[in-house]
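Heads up: the structure comes next, in structure tokens.
We're numbering straight along the sequence, starting at 1. Order of appearance sets the numbers: ligands from 1, and atoms from 1 within every ligand.
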Amino acid sequence: MDIAALIVAAGRGTRAGGGVPKQWRMLSGRRVADWTLQAFRDHPRVGRIVVVLHPDDMGQAEELTGAIVATGGATRDASVAAGLEALAGDPPDAVLIHDVARPLVSPEVIDRVIDGLAHAPGAAPALAVTDALWTGADGIVTGTQDRSGLYRAQTPQGFRFDAILQAHRDHPGGAADDVEVARHAGLDVAIVAGDEKNLKITGPEDFARAEDLMRQQMDIRTGLGYDVHAFEDGDACILCGVAVPHDKKLKGHSDADVGMHALTDAIYGALAEGDIGQHFPPSESEWKGAASDIFLKHAIELARSKGFELANCDVTLICEQPKIGPHAGAMRAELARIMSVDPDRVSVKATTSERLGFTGREEGIASQAVATLVRA
Ligand SMILES: Nc1ccn([C@@H]2O[C@H](COP(=O)(O)OP(=O)(O)OP(=O)(O)O)[C@@H](O)[C@H]2O)c(=O)n1
Ligand SMILES: C[C@](O)(CO)[C@H](O)COP(=O)(O)O
């Protein structure tokens with residue numbers, strides 16, 4: 001099934017305050033809109049993504065990589081209609097209509113909505129009301145409302161595309177959500193289980209709630225790498241991607257970059273994905289003399305394919321000679337370039353072993369590295 005996501009992001013977020021529409025405010029280090037888009041971009045069953053923006057926000061479009069951008073209207077339903085029309089030229093089978101203000105939507109909720117479409121033209125997540133419901137006036141309770149059969153509606157609300165497009169075209173406007181539009185057109189909408197965490201950022205206090213929930217669901221992994229290479233005759237050592245002049249070089253099947261190997265193993269370790277020798281066996285001649293950036297790129301791309309980003313890494317080189325200090329800045333910059341991360345996430349430092357052991361006797365260089373990976 002060809003499934004598109006339609007993310008409405010043309011509201012002004014007046015109730016949230018803060019001077020900037022809530023979708024552009026920061027939440028756990030990224031904009032609200034970036035989290036929401038990522039949830040759909042990472043979902044294997046979602047193809048295209050349409051984002052509906054306010055005319056004043058078109059400058060943000062460039063940063064929403066890979067998304068089709070449409071211009072929104074004065075109300076939520078006008079914005080949804082604009083997004084549907086943007087898809088109508090090349091219609092998907094189904095569309096998932098989602099508030100940008102719900103950045104914590106889980107893959108499981110998205111799956112349940114998609115699965116619900118197998119049995120009905122519409123499916124939407126909701127939570128049964130569990131608190132007692134009152135009516136009140138002037139701060140005084142005036143009655144109790146029957147809560148049986150009442151639900152709190154969430155998004156994404158999913159529909160067969162042709163049906164919801166026609167329903168919006170025929171609707172007079174003023175609907176609270178797309179389920180109301182669908183029902184007005186006589187379409188059945190299945191209720192699937194929502195998620196307490198799928199909150200809509202509405203008031204100022206919701207930012208702190210959303211950040212707490214994000215912290216709870218973060219997956220943080222740490223890996224440790226260790227490597228040793230012996231010296232042989234030569235004129236430079238390749239260390240963390242930098243050629244450091246020396247009267248010896250490091251011996252190995254590849255370029256013997258002991259620092260980069262330790263870091264690569266730390267990333268594989270954090271992912272529980274074995275080690276460098278498992279991915280690039282020394283028995284294979286194609287890795288003979290290979291530049292070690294191939295290994296590091298492979299490890300970081302493997303991490304990204306599993307949804308992880310590098311939070312930070314720290315490499316220690318253990319040797320008497322060559323002196324690392326003058327080259328540490330260049331090494332950090334090179335590792336950061338290879339991994340496409342900010343240099344302030346990469347540390348390279350060195351120590352001697354006080355002339356003890358094989359490093360102290362200058363027979364070779366050892367390296368240790370730790371890497372922390374985070375999946376939000
Ligand atoms: N003209 C509008 C109004 C709302 N929305 C979107 O509809 C969703 C749900 O609306 P709400 O939480 O009410 O957002 P805002 O309209 O931005 O908030 P407020 O009512 O506080 O201004 C949000 O993703 C919002 O960006 C939209 O695309 N176009
Ligand atoms: C669509 C919706 O998210 C369902 O809960 C909600 O109705 C939209 O937000 P609003 O605050 O009602 O504008």
Check ion pair [X]-[Y] (N to O, under 4.0 angstrom):
X: Glu232; Y: Lys249; result: yes
X: Asp111; Y: Arg45; result: yes
X: Asp90; Y: Arg48; result: yes
X: Asp99; Y: Arg76; result: yes
X: Arg12; Y: Asp57; result: yes
X: Arg169; Y: Glu85; result: yes

For ligand 2, which atoms, with element, lie under 4.0 Å from some heavy atom of [X]?
X: Asp177; value: 1 (C)
X: Arg76; value: 1 (C)
X: Ala176; value: 7 (O)
X: Arg102; value: 2 (C), 3 (O), 4 (C), 5 (O)

**Prompt:** Got the residues with a heavy atom under 4.0 Å of ligand 1, by chain and number?
**Reply:** Val8, Ala9, Ala10, Gly11, Arg12, Gly13, Thr14, Arg15, Lys22, Gly73, Ala74, Thr75, Arg76, Ser79, Asp99, Val100, Ala101, Lys200
**Request:** Could you tell me the separation between the CD atom of Glu273 and the NZ atom of Lys306, rounded to the nearest 0.5 Å?
**Result:** 4.0 Å
**Asked** Going from CD on Gln278 to OH on Tyr268, what distance comes out if it is rounded to the nearest 0.5 angstrom?
**Response** 9.5 Å
**Item:** Closest protein heavy atom to atom 6 (C) of ligand 2, given as residue, atom name and distance to 0.1 Å
**Value:** Lys200 CE, 4.1 Å
**Complete:** min-distance protein heavy atom vs atom 5 (O) of ligand 2 -> Ala153 O, 2.7 Å
**Message:** When you compare the side chain of His168 with that of Val80, does any pair of heavy atoms fall below 4.5 Å?
**Reply:** yes
**Prompt:** Do Met339 and Leu296 have side chains that get closer than 4.5 Å, going by heavy atoms?
**Reply:** yes
**Asked** Is the closest heavy-atom distance from Asp99 to ligand 2 below 4.0 Å?
**Response** yes
**Asked** Strictly under 4.0 Å, does any heavy atom of Arg152 approach an atom of ligand 2?
**Response** no
**Asked** Judging by distance only, is a nitrogen or oxygen of Gln157 under 3.5 angstrom from one on ligand 2?
**Response** no
**Request:** Measure from the side-chain N and O atoms of Asp257 to the backbone N and O of Met260, and report whether any donor-acceptor pair falls under 3.5 Å.
**Result:** yes
**Message:** Just to be sure I read this right, does ligand 2 sit under 4.0 Å from the backbone of His98, its side chain, both, or neither, counting only heavy atoms?
**Reply:** neither
**Any protein heavy atom nearer than 4.0 Å to atom 12 (O) of ligand 2** = no
